[in-house]
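Data block below; observations after.
Atoms considered below: every heavy atom in the structure, side chains included; atoms not considered: hydrogens, waters and symmetry mates. These numbers come from a predicted model, not from an experiment.
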Amino acid sequence: FVAAAAAVRPFSMPPNPPTVHKHGVEIMYLCDGEVPYVCMESGSPFHEYASSMLQCALSSGTKADGLYTYCNDKRLNVELNRLSMKPAEYMVA
């Protein structure tokens with residue numbers, strides 16, 4: 001499960017936030033810290049709850065795959081390409 005989402009950076013976050021990798025979840029900020037990139041390994045203890053976490057975060061009972069809004073952000077695609085990721089390896093939502 002790999003997702004990148006456009007979000008507004010909290011005002012208290014440092015200009016270049018560090019990459020965090022714990023419990024099979026990696027969080028990295030792309031595009032000058034504006035976009036969080038989340039990668040969850042299938043062996044992570046959180047993997048089986050990924051759908052529920054998304055539903056809870058959005059206060060929705062809708063199936064998780066219906067909660068994504070897919071987008072094509074050229075700047076984000078360039079950034080992911082710089083990290084040697086192919087479009088088949090990620091989902092931008």
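- Annotation: side chain to side chain donor-acceptor pair (under 3.5 Å) contacts of H21 (sequence neighbours excluded): E41.
- For the side-chain contact (heavy atoms from CB on, under 4.5 Å) test, residues two or more places apart in sequence or in another chain that qualify with N77 are N72, Y90, V92.
- For the atom pair F46 CZ and M53 CE, the distance stands at 6.5 Å (nearest 0.5 Å).
- The side chain to side chain donor-acceptor pair (under 3.5 Å) test applied to E79 returns R82, not counting sequence neighbours.
- The line from NZ of K74 to CG of N81 is 11.5 Å long, rounded to the nearest 0.5 Å.
- A heavy-atom distance below 4.5 Å is not found between the side chains of Y29 and E34.
- Side-chain contact between T19 and I27 is absent, with no heavy atoms from C-beta onward closer than 4.5 Å.
- For residues 46-71, no residue pair satisfies the salt bridge (charged side-chain N to carboxylate O under 4.0 Å, His left out) rule, not counting sequence neighbours.
- Interatomic distance, L80 CG to Y37 OH, rounded to the nearest 0.5 Å: 7.0 Å.
- Applying the side-chain contact (heavy atoms from CB on, under 4.5 Å) rule to T62 yields the partners S60, L67; only residues at least two apart in sequence or on another chain are considered.
- The shortest non-hydrogen separation linking Q55 to A64 is NE2-N, 3.8 Å.
- The hydrophobic cluster containing V78 does not contain L83, counting ILVMFWY residues as joined when their side-chain heavy atoms lie under 4.5 angstrom apart, directly or transitively.
- A heavy-atom distance below 4.5 Å is not found between the side chains of E26 and V38.
- Proximity of L76 to C31: side-chain heavy atoms (C-beta onward) are separated by under 4.5 Å at one or more points.
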